[in-house]
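Values below: all heavy atoms of this structure, side chains included; hydrogens, waters and symmetry mates excluded. In what follows, chains are A, B, ... by sequence order, proteins preceding strands, each numbered from 1. As the structure is a computational prediction, the values presented were derived from the model and not from experiment.
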Amino acid sequence: MTIATRIELDVSALAPPEPLDRALDALAVLNRGEYLAFLHYREPFPLYQTAAEGGFRHRVLERDDGKFEIRFWYADDDAVTAEFESL
Amino acid sequence: MRPGSGLNFEYLPSWSIPFGFFSMAPLWGIVAGLLVSAAGVGVVFGDGFPWASRWQSTLIAGVHCLVLGVVAQTMIGALYQVLPVLGGRLIGGGLTGGRTVMWLLNLGLLCLVGGLTTSIGLFWVACLTFLPVSLLIFSISALRAAKPESQWSGSLLAVRCSLLSLVFVLLLGALQVSGYSAMLWPAYALDRHLTDIHLLWGVGGWIGLLVMGVSYQVVPMFHVTPALAAQRQKIYPLLIMASLLLTSVVWWLFPDSMLATWARWLNVFAFLGYVGELARALKQRKRKLEDASVKAWWTGIGSYLGFIVVLAARDAGLMWLWPLEWVTHLELAAGGMLIFGTILAVVLGMQLKILPFLSYLHMQRACGSDFSKIKSLPSTRDILPEIFSLGLVKLHWLNLSLIILMIFYFELAILAGLGMLAEFGLLAFSTHRVLRLLKRHI
């Protein structure tokens, strides 16, 4: 059963750096107990370091529709961490 | 390196390396514009016909200002940024290496243009020192970086083939400069078949393959198009290298034969396959917004088709369908369509995206994890306003038309040169503006 609330952000039709911009907006208002599901055809590499320095962890999943789903959540959010580590 | 991604964002060069090259490039477009205008003034005052053949020194100087000064310089700057992303290794030499390559390249080109326009021997000697040292340092360092960490991507393969072509182009070019300076055997070095092979590898190998390799990444990324299938990405550079090798051998062994003509068409069609893939990708853009960079790509595609038509007409002329003077005009028009219409247009298209994106990336890196600081950064549209980009593309259309017309009406060279001054002046201003913003935020 999923505990964390999913906040979905599909940026697959946007050109850089718009996906990064949108992700930062979404991360800025993300709460503990929530995770951001970032959907794109490519991995947002420049975002990973910024997000990590901002206190977020991430996990990359490859979906059947060809998109990457990158989940971001607060590194100190133990409940969400435990849920995703069990995946 | 992220497993399976084929891209690596862990290594970014100092921003001043790519931007150093980007700042110098438009200045050579301005020099080319001045040369063209001066030739036009010469025509008006009855001082000869500057485009009577492709072997005239003013024309060769102008072409090298564009292909080496603008195109190669921009693409070398882009490679300093792109290769670490593709291969996971920085191009060696750091800031000092990058600056050495840039200054020697520009000094060497200055001497080449000086030699071609004044015939002063010292220019040739200096050119033969600066240009080979610059381009050899660059190509060897870049070849060492153009290796995959796990498996070859189409981009990396195309870039590696392009760098190998650069070494060959450089050797042939140096041989010809030796011919001009009478340091070697002029009759051998200035053999026009050797010049044709130099041109073939310069345009088809070094620039063509480099544009292809970089486009595999930048077109899907910036224009949100489907990426070309991985296998096909690798086939094109290999096919083109094979056709370049075959053509060179045929041109060397059987010059001026029908076989030599067919060999040239083999290259034209090898690139046409890639151009078709590119056009199909651009047609499948996810968001069909008005975009100056896309217009520049379409200009390149359209000009390539125009180049094929003009080249076919020229080859028909060689079969005595029309006078030799027409053949010369068609040859020059084909060159204009290929170099100014295709290559410069797609390089401009890439620059319009790469300039604002790279500056934004470096600004964002400088902000660290401060989200609010990142949010306060100018957007890419603020960094390079669309009005500038559209202006550049429209000036490029105008100049392409004037360049083709001036081949037939020599006096128009004055207007074509002024148009180039306007286009590259605007590019220099836009680049300087981007650089000022970048310096303010890092």
Side-chain angles (χ1 to χ4, degrees), chain A residues 7-32 34-36 38-77 87, chain B residues 1-12 81 84-86 88 217-227 229 284-289 291 293-294 352-354 356-384:
Chain A
I7 310 289
E8 191 168 294
L9 178 68
D10 188 340
V11 293
S12 56
L14 301 181
E18 275 184 89
L20 178 75
D21 257 0
R22 301 277 178 99
L24 293 177
D25 285 341
L27 288 175
V29 295
L30 196 72
N31 297 308
R32 281 165 182 77
E34 294 175 341
Y35 72 93
L36 175 69
F38 178 93
L39 306 180
H40 198 8
Y41 285 108
R42 2 189 98 232
E43 284 193 70
F45 294 116
L47 176 62
Y48 292 155
Q49 192 184 334
T50 307
E53 287 170 9
F56 294 94
R57 289 184 67 175
H58 73 269
R59 189 180 180 107
V60 183
L61 306 171
E62 283 188 52
R63 295 171 24 139
D64 293 339
D65 60 2
K67 290 179 188 172
F68 288 97
E69 177 175 324
I70 300 102
R71 294 179 177 181
F72 292 94
W73 70 97
Y74 275 103
D76 59 5
D77 193 339
L87 285 178
Chain B
M1 170 74 77
R2 271 71 177 180
S5 71
L7 298 178
N8 190 320
F9 281 77
E10 282 153 27
Y11 302 103
L12 283 184
Q81 188 78 45
V85 175
L86 295 177
Q217 297 298 326
V218 298
V219 170
M221 186 167 110
F222 288 122
H223 303 299
V224 199
T225 70
Q284 294 175 0
R285 281 194 303 145
K286 288 202 174 9
R287 284 201 310 173
K288 293 194 167 48
L289 298 175
D291 187 309
S293 172
V294 172
L352 296 180
K353 288 292 176 192
I354 289 175
F357 176 68
L358 273 192
S359 49
Y360 181 88
L361 190 66
H362 283 284
M363 287 179 204
Q364 185 249 324
R365 280 290 162 96
C367 293
S369 62
D370 188 341
F371 285 13
S372 59
K373 209 169 160 194
I374 295 174
K375 289 304 297 173
S376 71
L377 292 176
S379 72
T380 47
R381 291 273 162 140
D382 294 330
I383 293 171
L384 182 59

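Partners of B:Y360 according to the ring-ring contact (aromatic ring centres under 6.0 Å, His included) rule, which considers only residues two or more places apart in sequence or in another chain, do not exist here. With sequence neighbours left out, A:D77 forms a salt bridge (charged side-chain N to carboxylate O under 4.0 Å, His left out) with no residue at all.
Minimum heavy-atom separation, B:F222 to A:A15: O-CB, 3.2 Å. In terms of heavy atoms, B:P220 sits closest to A:R42 at CB-NH2, 3.7 Å.
Put simply, the side chain of A:S12 does not reach to within 4.5 Å of the side chain of B:K286, judged on heavy atoms. At least one side-chain heavy atom of A:D21 sits less than 4.5 Å from a side-chain heavy atom of B:K375.
Crowding of B:R285 atom CZ: a count of heavy atoms from other residues, nucleotides or ligands under 6.0 Å exceeding 12.
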Would B:R287 and A:L14 count as a side chain to side chain contact (heavy atoms under 4.5 Å, CB included) here? Give the steps. CA-CA 8 Å; B:R287 284 201 310 173; A:L14 301 181; 3.3 Å; yes

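Only the side chain of A:Y41 comes within less than 4.5 Å of a heavy atom in chain B; its backbone stays farther off.
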